[in-house]
Amino acid sequence: MNKKLLKSIIFASLHLFLIFSCLYLICHSSQQETRFVYNGFDQADLFIDGIAKILPGGLLLLTNSTELQMGHAFFKQPFDFGPSSSLSFYTHFVCALVPPKLGGVGGHGIAFVVSPSMDLSHAYATQYLGVFSNNGTSSTSPLLAIELDTVKTVEFNELEKPHVGIDVNSPISLESSLPSYFSSVLRKNISIDLLSGEPIQVFVDYDGLFLNLTLAPIDIQKPNQPLISRAMNLSEVFQEKMYVGFSASTGNMLSNHYILGWSFSRSRELLQTLDLSKLPQVPLPREVKKKLYLSPLHIGLVVLLVIPVVMVLGGMYWYRRKKYAEVKEWWEKEYGPHRFSYKSLYKATNGFSKDCRVGKGGFGEVYRGTLPLSRHIAVKRLSHDAEQGMKQFVAEVVTMGSLQHRNLVPLLGYCRRKGELLLVSEFMPNGSLDQYLFQNQNPSPSWLQRISIIKDIASALSYLHIGTKRVVLHRDIKASNVMLDSEFNGRLGDFGMAKFHDHGANLSATAAVGTIGYMAPELITTGTSMKTDVYAFGAFLLEVTCGRRPVEPELPVEKQYLVKWVFECWKHACLLETRDSRLGGEFVSAEVEMVLKLGLLCTNAMPESRPSMEQVVQYLNRDLPLPDFSPSTPGIGAFMPVSAVASSAIEVSRLRNSSVSMFVTHTILDGHGR
Ligand SMILES: *[C@@H]1O[C@H](CO)[C@@H](O)[C@H](O)[C@H]1NC(C)=O
Ligand SMILES: *[C@@H]1O[C@H](CO)[C@@H](O)[C@H](O)[C@H]1NC(C)=O
Ligand SMILES: *[C@@H]1O[C@H](CO)[C@@H](O)[C@H](O)[C@H]1NC(C)=O
Ligand SMILES: *[C@@H]1O[C@H](CO)[C@@H](O)[C@H](O)[C@H]1NC(C)=O
Ligand SMILES: *[C@@H]1O[C@H](CO)[C@@H](O)[C@H](O)[C@H]1NC(C)=O
């Protein structure tokens, strides 16, 4: 060898040494980087591929919820794991796995990777987590992966549920575990739901001998017991330059995979703590919050609770419906305000309580009530079965309400229920006249009061017969239907049997209604007319003057029938003796005599011989003298009780003070009425 060659070899060697020295220096300078921390990735200069990206706000999104995707993010500088350096590393990161529906399924998971290359583009998504290839090895050279796997893969012998594991070169974990953390406070392991969407802290500590994996919820300090602690010699795995980063993948099952913050160091002492308060917020799916888990026990309890409540509510509804049920028909609409709701009447009368009952008759009961605005009303409940003719009847009731006369009890309206009709009128505070006439505990009305009431009723009846557009037949005139207002004025009330017809029209096929003793004999033959009202008024005159009912079966035979008895007394010239003994001496004999005679005139058996109500008013006011008639005038005093003729079955004694209705179909007269 010549010197020149030797020289050049030495020179080259020197050069090489220099080059290697320089290379060493360069390498060494890169080795200075032994730790980093990211509290959010806003300023981070990461190597990113796949669908990974850094979102405004600093979230590192590895995959969104798109099918069959993967994403990677690596710290750009490699770390030196060469033979001369320690193999240890420590990392702490916060991730969140957010399925499209919280509490639902998501996939596939996140892996922390220590890899010799940042290029994992040939790896597979789904259960390979974007780290491994489908032949079950790492897609590049040997690598370490810490997986947070949310889908069980049977071929990898994986655990049932979302799990965590340590993988070396293969998706088949060396060791895996269900996610949990050890609570030093509770002294027990508490499981962690990987798919809760909540941030999860992950600690990976490797000191060259043991690899410890620890999980914790975001608000828990690092547990002092690791979830997995495994002895590992990674010298075969780690090459001189290793990159650290994350991979995530989706398959048919999807999740948004986020990394919120990341700290890494080669030594435990230099590991910087993450500032958890600075980490970015994870967006959660909006619609569903926390799915309510219903066990069969819960459902059973709910059903047990709900059924009685529903039954009670249903029962209450049904009861109220039934309680306040009414009969309503289309044609009643036009009567608007005249129709009362049953509920309002029910409330006004305290539920038709006994305390509110002021009267009871053959046809129904009368209740006192108070409507809102302290309007006092009387409610008469009539039972009715016949739906037929109801329309016309209601029409008449409503028309009745429009009748204006100071001696009528104002009828306010009505209400209908099944089998029931309620008539609402103004309440008369002083009750009905019969209470004063026949009940000794009440003060006996004076003659002045009596004649005044008689005139009131005559005036009202005259108005009904001739003063209105249509003839109104009251059909049930009697002392108990004469009401007294606060000034003791007589007011004709109870139109429960009233009937309308046009002036001049004949009535036919009318039911004979009324009260025995007040019913004209022709009622069962020719039916209702103005004259039958006059007959009843005549009986009323005698009743008021004599202070007794038209028929009193308890009395001696000669006195039983008032008309007959008064007539007999007149014949025997002792007419005045029939007057009410309670009148005392304070009366005008001529007036009493006139009223008694008028009573007989009105109760003439022959309807055509009876005066009209107009005439009656004139006689009472002394505007006209009574016509000439004597006990021998035909029809006078010929009392023929209707009951005796019509139905011997009717027990007169029992029914003598109550209205009866005898539905007799008349065929004698055919007409245009009902
Ligand atoms: C908690 O889990 C760890 C690891 O799975 C186990 O070694 C330990 O015995 C468990 N501790 C309790 C109290 O269950
Ligand atoms: C791993 O955990 C075990 C048990 O807690 C502990 O003794 C060991 O020091 C830990 N090693 C590292 C590297 O944290
Ligand atoms: C790890 O394995 C390598 C070779 O396989 C060996 O030289 C080394 O001593 C091992 N380290 C430990 C800590 O056992
Ligand atoms: C008739 O009147 C008497 C006495 O006023 C009474 O006791 C009886 O109950 C009444 N009859 C009817 C059916 O209302
Ligand atoms: C009943 O009539 C009398 C007059 O006889 C009167 O003084 C009294 O105030 C009336 N009663 C009521 C409750 O209005």
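In this chain, residues are counted from 1 in sequence order. Remember, it's 1-based here, ligands and their atoms both numbered in the order they're listed.
- If you look at Q225 next to ligand 2, there are no close heavy atoms at all, none under 4.0 Å.
- The closest side-chain donor-acceptor pair between S235 and N233 falls under 3.5 angstrom.
- Heavy-atom contacts of D207 reach the following atoms of ligand 2: 13 (C) (cutoff under 4.0 Å).
- Checking only distances, N212 does come within under 3.5 Å of ligand 2, N or O to N or O.
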**OP:** Start with the C-alpha gap between L174 and M232, add the side-chain angles, then the distance that decides, and say whether side-chain contact (heavy atoms from CB on, under 4.5 Å) holds.
**Re:** CA-CA 10 Å; L174 294 176; M232 291 184 85; 3.5 Å; yes
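- Close approach to N189 involves these atoms of ligand 1, each under 4.0 Å from a residue heavy atom: 1 (C), 2 (O), 3 (C), 8 (C), 10 (C), 11 (N), 12 (C), 14 (O).
- With F79 as the aromatic partner, R266 does not meet the cation-pi criteria of under 6.0 angstrom to the ring centre and within 45 degrees of the ring axis.
- Counted within 6.0 Å of CD on E175, heavy atoms from surrounding residues, nucleotides or ligands total more than 12; the atom is thus considered enclosed.
- Close contacts between ligand 1 and L227 involve ligand atoms 4 (C), 5 (O) [criterion: under 4.0 Å to a heavy atom].
- No more than 12 heavy atoms of other residues, nucleotides or ligands shown are found within 6.0 angstrom of CZ on R320.
- Closer than 4.0 angstrom to ligand 3 by heavy atom are L209, N233, S235, E236, sorted by chain and number.
- No donor-acceptor contact under 3.5 angstrom links the side chains of H92 and S263, judged on distance only.
- A salt bridge is absent between R268 and D207; no separation between the charged side-chain nitrogens and carboxylate oxygens falls under 4.0 Å.
- No side-chain heavy atom of L274 sits under 4.5 Å from any side-chain heavy atom of Q201.
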